[in-house]
Each structure stands twice: as C-alpha cells, then as structure tokens.
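Numbering of ligands and ligand atoms starts at 1, following listing order.
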Amino acid sequence: MTEATLAGRTAIVTGASRGIGLAAAAALHGAGANVVLTSRTEEAAVAAASSVGDRALGIGAHATDGAAARLCVEQTLERFGSIDILVNNAGTNPAFGPVLSQDHGRFAKTMDVNLWAPILWSKLAVEAWMGDHGGSIVNTASIGGLSVGPDLGGYHVSKAALIHLTKQLAIELGPQIRVNAVAPGVVRTRLAEALWKEHEPAVADRTPLGRIGEPDDVGSAICFLASDASSWITGETLVIDGGQMINAGAAADAAMATAGSH
Ligand SMILES: NC(=O)c1ccc[n+]([C@@H]2O[C@H](COP(=O)([O-])OP(=O)(O)OC[C@H]3O[C@@H](n4cnc5c(N)ncnc54)[C@H](OP(=O)(O)O)[C@@H]3O)[C@@H](O)[C@H]2O)c1
C-alpha cells in the first residue's frame with residue numbers, strides 16, 4: 001500500500017490499543033489515512049495513538065457502550081471530517097471449555113462484544129457519514145468462525161455469526177458501502193496467549209508457512225480490504241492463517257497424539 005492510497009480518508013479502529021487493532025491502525029495510517037483508535041481506557045487509546053503518528057487520535061470507548069461509541073463518532077467527525085473506514089476489531093473470549101458449561105453472563109458478554117458491537121458501530125458510522133458518502137467496513141472474525149473445536153465453542157459461535165453478519169450487511173449496505181471480514185489464525189497477541197505461549201514451536205510446526213501470525217500480517221490485510229484495491233470485494237471473509245485451516249488434519253493428529261500420551 002503506498003502512502004497516498006488512503007490519503008484524506010479517516011478510519012475508526014475499535015480495540016486498537018495493542019495487537020491486531022494497533023497493527024491495523026498503523027497500516028491504515030501508513031497508507032495515508034487519519035486513524036481513531038479506541039480501547040476500554042482513554043489512557044491506553046491515547047498512548048497507542050501517539051505511537052502511531054500525528055494523524056491519530058485515541059479515544060476511550062468500551063465497544064458495547066452506545067453513548068461512548070456515539071461520542072467517538074462525533075469526535076472523529078469534528079477532528080477529521082469523515083468516517084470512510086470502520087474496523088470492528090474489539091473482541092473478547094471470557095469462556096473456555098464446552099459450550100454447555102458456559103453461564104449466561106459469559107455467553108452474553110461474548111456475544112455483546114464480538115457481535116453486537118460491530119452492529120452498533122456500523123449503524124453509527126453509516127448514519128453519521130457512510131450512508132451519504134460510502135465507505136468500507138472490516139470485521140475481525142476468526143478461523144474459529146469457520147471451524148469447530150473443543151475449548152472455544154462460545155467464541156467460535158460468535159465469530160461464525162460475525163461472518164454471517166458481514167454477508168448480511170454487505171447486501172444491506174451495498175453498493176455504497178462494502179463490508180468484509182478477516183479471519184485470522186493463531187496470532188501473537190495477549191488475547192490468544194493460551195493458544196501459543198506455551199507451545200509456539202508445535203503450532204508453528206503444523207502451520208504450512210512455518211510460524212504463528214504477527215499482528216502486522218493481519219493489519220496489512222485489513223488495510224487491503226479497507227482500500228480501493230479491494231473495490232469489487234464485499235461480503236467476503238479473508239483467511240489469514242499461514243495455512244493453519246488447510247492443515248486441520250495436522251491439528252487433529254496433534255490432538256490425538258496429546259490424548260494418547262495421557
Ligand atoms: N490473536 C489471535 O490469534 C486472533 C485470532 C483470531 C481472531 N482474533 C481477533 O482479533 C481481534 C483483536 O484481538 P487481539 O488478538 O489483537 O487481542 P489483544 O492484543 O488482546 O487486543 C485486544 C484489543 O481490544 C481492546 N478491547 C478489548 N475488549 C474491548 C472492549 N470491550 N471494548 C473496546 N476495546 C476492547 C483491548 O484494549 P483494552 O484492554 O485497552 O480495552 C485491545 O486493544 C479480536 O476480535 C479477536 O477475537 C485474534
């Protein structure tokens with residue numbers, strides 16, 4: 001992406017104080033966009049924004065807080081004058097284990113942050129700017145939304161629904177607004193630590209591209225989907241996983257070997 005690609009455009013990235021959101025904000029900024037980074041605390045959002053550059057603004061806004069989201073949209077328009085790109089990236093996984101062992105509180109939190117927040121922020125961005133001027137929305141889903149597994153079932157259900165929501169919004173908001181998603185595999189972030197920290201070599205070993213993901217791997221793909229380079233793509237989910245999905249047999253073999261060793 002060249003410096004001029006997104007010049008004059010403005011992006012809001014939710015959940016951008018670290019990890020994939022911060023990498024996406026940096027990539028969008030690098031391509032010339034003004035960027036607004038959100039996180040649950042103003043302090044973390046502001047620190048992240050100052051690490052990105054001069055056309056960056058940090059705003060504290062819990063992803064499911066409607067009043068905070070509305071204020072963030074207003075402040076973005078005041079500061080930069082448009083909202084051309086929305087990256088619904090904030091996500092959570094408060095619950096491990098079988099779906100039937102989850103309680104309503106954790107299930108509701110997962111669905112609220114991973115599914116309701118993208119609806120809330122999309123609605124606000126569309127009403128405030130994109131509905132009249134067009135735009136591009138990118139949702140951060142997961143390969144978990146395209147597969148099933150033993151320990152993250154509730155999270156996977158929320159990401160599968162987000163992939164479906166991406167298609168639904170693509171038909172509701174086209175042709176002015178494109179809506180796409182990324183589906184990362186295991187990426188080196190805090191949220192995913194349980195998936196890689198203790199066994200990175202094993203995960204890398206069963207990844208065809210030989211390593212786990214870095215936030216920038218996903219940030220650059222988000223930037224592509226936000227930009228005109230993808231102008232005839234909508235409703236799609238782009239898998240960014242070093243080949244982890246196509247090598248699912250290796251993951252199953254590893255699980256069987258682990259089970260056999262107990
Ligand atoms: N890492 C992976 O392997 C992986 C794979 C597939 C999909 N994903 C998805 O990628 C997205 C980003 O996660 P990550 O891996 O980059 O995790 P991360 O490094 O832990 O970053 C999560 C970011 O979201 C913010 N955040 C968390 N809850 C929030 C909320 N309720 N409202 C606003 N901001 C919130 C956090 O900031 P504060 O703590 O300051 O609020 C932080 O900036 C998530 O949607 C996740 O499901 C990750």
N/O to N/O below 3.5 Å, does that happen between [X] and ligand 1?
X: Thr92; value: no
X: Tyr155; value: yes
X: Gly185; value: yes
X: Ala192; value: no

Taking non-hydrogen atoms only, is [X] closer than 4.0 angstrom to ligand 1 via side chain, backbone, both or neither?
X: Val186; value: backbone
X: Asn89; value: both
X: Lys159; value: side chain
X: Trp196; value: neither
X: Ala183; value: neither
X: Pro215; value: neither
X: Ala16; value: backbone

Looking only at non-hydrogen atoms, which of [options] approaches [atom] most closely?
atom: atom 22 (C) of ligand 1; options: Glu42, Arg18, Arg188; value: Arg18
atom: atom 25 (C) of ligand 1; options: Gly15, Ala24, Gly219; value: Gly15
atom: atom 17 (O) of ligand 1; options: Asn139, Val187, Leu191; value: Leu191

Using atom types as modelled and distance alone, determine if a side-chain donor or acceptor of [X] lies under 3.5 Å from a backbone N or O of [Y].
X: Ser39; Y: Thr41; result: yes
X: Ser230; Y: Phe224; result: yes
X: Asp103; Y: Gly105; result: yes
X: Asn180; Y: Gly235; result: yes
X: Thr14; Y: Ala90; result: yes

Can you tell me the protein heavy atom closest to atom 7 (C) of ligand 1 and the distance?
Ala141 O, 3.1 Å
The side chain to side chain contact (heavy atoms under 4.5 Å, CB included) partner of Leu86 among Thr10, Ile12, Thr76 is Ile12
For Asp228, salt bridge (charged side-chain N to carboxylate O under 4.0 Å, His left out) partners two or more places apart
Arg9
Quick one: ring-ring contact (aromatic ring centres under 6.0 Å, His included) pairs with a partner in residues 94-113, sequence neighbours left out?
none
